[in-house]
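Remember, it's a predicted structure, so these values are computed and weren't measured experimentally. Chain A is the first sequence line, chain B the second, and so forth, proteins listed ahead of strands; every chain is numbered from 1. Below, all heavy atoms of this structure are taken into account, side chains as well, without hydrogens, waters or symmetry copies.
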Amino acid sequence: MSSAITDTVDFADSKTKTTTGHKIRMDFANEEVSVNSLPQASTVSFTPLYQGYALIRLTVLLVFYGVLSLAALVVVVLSAELRAFLFTAYGVLSVILLMLLLTFIAWFLYVATKAIHYSIRQHDIILKSGVFWKKEVIQPLKRVQHVELTRGPIDERYGLANVRLFSAGTAMSTFRIHGVEHAIAIRIKQFILDYQEKAGQEFSDVENRVELADKSCTGAEEVHHRHTS
Amino acid sequence: MILAGFAINVTTEGDFTQYTWWAAAVLSLIVIVSAVLKYLFFRYQLLDDAVQVKQGILFKKRLNLKFSRIQNVNIRHPFYFRPLGLVTLKIDGAGSKGEEVSLSALTQATANSIRQTIRIKKEGIDAVQNHQTAELKNQTGVDAENEEAFYRRTLTDLVIHGLTNNRAWFVLAGLFAALQYTSISFGDLVRFMQVVVSYYISNQNVAFTVVLFTVSVVLAVFLTAFLSVVGSILTYYGFTLFRSDKSMMVHRGLINKQEFNMQKSRVQSIYIRQDWLDLVLGRANVIYEQISHSPNDPNQADSGKRIVVPSARSHEITKLVAEIFPISDVAELSYTPISKRYFYKYSIIWSVIYLIIAVVIITQSENQRLSLIVAIIWPYHVFLIYMIWKRAGITLIDDIVIIRRGIIGVDYIIFPAYKIQAVDYVQSLLMKRHELSNLIFHTASRTARINYLPSQFVRKIIDFCVYRAESSSRSWM
């Protein structure tokens with residue numbers, strides 16, 4: 001099982017990046033598993049999002065900036081006070097600072113989107129993201145409660161989709177991959193559903209046994225019984 | 001009732017009483033009629049595999065809660081039901097907030113038998129899930145009689161708990177709720193206080209004001225402590241923890257008696273929480289946590305989702321933890337510490353901030369004494385950062401992850417590796433240079449984070465925990 005777990009499932013034919021993993025040696029108190037044989041999350045290969053996705057996001061942001069600057073222009077035209085302020089030293093400085101900030105946000109959005117990579121193993125999904133703060137989330141498929149595929153109008157225009165995985169616990173722990181090709185998103189979803197079905201088959205064995213078990217139990221008298229099968 | 005209060009506030013002198021009476025009459029009529037209708041249209045049924053509730057007059061609502069998804073069955077004894085000998089049965093689902101069934105005004109016997117039935121069926125399912133079909137019959141049969149009271153809290157313990165953990169809000173919330181029933185609004189109280197205070201301050205000398213201030217602060221502290229103790233006693237009076245092989249049960253409460261039931265296998269994590277005053281007295285709260293969808297509020301008393309054992313002594317803590325997870329005294333274990341760079345980084349950042357503040361005060365302000373305050377706070381803050389660094393640590397005992405943290409008091413978060421929902425590995429550019437990273441565990445009950453551990457170590461822990469979660473056939477629920 002442990003060797004099979006490392007096999008990565010490739011969904012996209014696009015370039016895959018390989019991270020160099022560390023050689024790992026460590027002694028846990030647990031003797032059941034030798035740590036060297038454990039599958040390592042740091043050695044799997046990652047797939048980037050749809051190539052044009054960062055550009056799409058940037059375009060959307062720039063359109064938003066355009067609307068914003070139009071609104072700003074209207075305010076400047078209408079307000080004489082603001083015009084007067086803009087031509088003082090402080091006014092020029094604040095405009096420059098604002099420009100810098102907006103440029104930074106745009107750059108950051110582009111780079112952050114480019115930084116997102118994911119990888120799917122037999123038993124889990126790994127998502128890597130972050131520019132200044134690198135983050136890696138591992139979501140075991142066994143703990144996924146349901147899968148959601150969402151598409152906004154822009155996603156539809158470019159044939160993209162978002163995959164969201166929900167596990168138990170707080171909303172903070174929702175796992176999402178934005179901007180993957182729709183076909184790949186469907187395959188990811190199908191892969192997870194298949195995985196769950198496999199797990200479900202094990203469970204249905206269990207359920208059969210539950211019925212057997214129920215017959216051996218005696219319920220309290222005041223309980224209404226109705227057979228549903 | 002809120003509406004009634006509103007009516008009182010908007011009406012002026014003349015029609016005051018008349019409107020109030022009308023509002024009260026209409027409201028009570030609505031309350032009575034809706035209560036009767038709700039009663040008439042409420043049906044519940046125990047099916048083979050689920051509890052079913054049908055309710056609603058215009059909008060029919062039907063809830064089918066599978067036994068396998070039931071997390072707890074709790075019995076509450078509200079004070080208004082106690083003379084009638086009736087109870088409220090509350091069934092919590094493991095899923096969303098909507099998955100809750102509340103059956104009011106049952107007799108104690110009915111409630112007990114429903115709870116017993118659910119438990120037997122549920123344990124049956126769980127036992128099979130754990131592939132223990134053979135032992136099933138014995139276990140379910142004798143489980144009920146096996147329940148023994150193994151842990152109690154005396155009044156002294158509750159007083160200590162009240163002093164160390166602020167339970168005053170509990171009493172205050174009750175008082176404010178009571179205020180709504182009178183014609184005094186909270187705003188009136190504040191205005192009254194303002195008048196009194198400003199009168200005294202304007203008419204007396206400075207010394208008197210200082211004395212008044214000191215006295216009121218001391219009084220406030222005593223009052224809060226007193227209310228907190230009262231709150232603690234009201235909530236936890238007669239606290240008794242029962243245990244059996246598979247579950248734990250709590251009886252507690254002075255006015256509203258409550259019975260909480262929790263299956264051991266459903267405990268997602270144990271949180272041992274110790275305030276600084278707890279440390280002085282050698283106590284800590286032990287909190288058994290189940291699936292929770294809201295972020296954890298440390299001041300929240302126990303609900304269906306968690307059981308709080310108030311102010312336990314250290315040897316009791318060991319016993320309480322061992323009840324769920326097979327580990328020895330958590331205080332005796334050796335922990336992997338976090339990097340010293342944590343202390344360096346934060347003490348330097350804060351020192352610079354304090355320095356800037358001090359410089360600003362010295363150059364800009366006429367009141368030089370303010371910089372003295374900075375001089376006192378700064379080393380204290382650095383000391384706190386040092387303590388945070390010193391407390392932080394993580395260890396792995398067989399399958400159990402234990403995270404130690406805290407500032408003055410020592411907190412522990414304990415959970416089995418196979419129950420994790422997801423893991424995060426976070427690293428800043430600066431941390432990458434020093435081969436450090438942060439580790440975040442998402443369990444169904446809480447998110448546990450530990451910063452500044454060696455990257456390779458974090459990788460190993462993550463690989464191990466993920467392996468455990470994916471290879472284990474045990475149900476995490």
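- Relative to the ring axis of B:Tyr425, B:Arg459 places its NZ or CZ within 45° and under 6.0 Å from the centre.
- Neither the backbone nor the side chain of B:Asn112 has a heavy atom closer than 4.5 Å to any heavy atom of chain A.
- Contacts between B:Ile440 and chain A at a heavy-atom distance below 4.5 Å are absent for every atom of the residue.
- Residues B:Asn451 and B:Arg449 bring a donor and an acceptor atom of their side chains to less than 3.5 Å of each other.
- No part of A:Val144 comes within reach of chain B, as not one of its non-hydrogen atoms sits under 4.5 angstrom from that chain.
- Aromatic ring centres of A:Tyr90 and A:Phe85: separated by at least 6.0 Å.
- Under the ring pair (Phe, Tyr, Trp, His ring centres under 6.0 Å) criterion, A:Trp107 pairs with A:Phe104, sequence neighbours left out.
- For a residue to count as touching a neighbouring chain, one of its non-hydrogen atoms must lie under 4.5 Å from one of that chain's; by this rule B:Leu429 touches chain A with backbone and side chain alike.
- Only the backbone of B:Ser472 comes within contact range of chain A, judged by heavy atoms closer than 4.5 Å.
- For A:His123 and B:Tyr467, the gap between ring centers reaches or exceeds 6.0 Å.
- Taking chain A as the reference chain and counting heavy-atom pairs below 4.5 Å, the highest number among B:Ile462, B:Ile420, B:Leu430 is found for B:Ile420.
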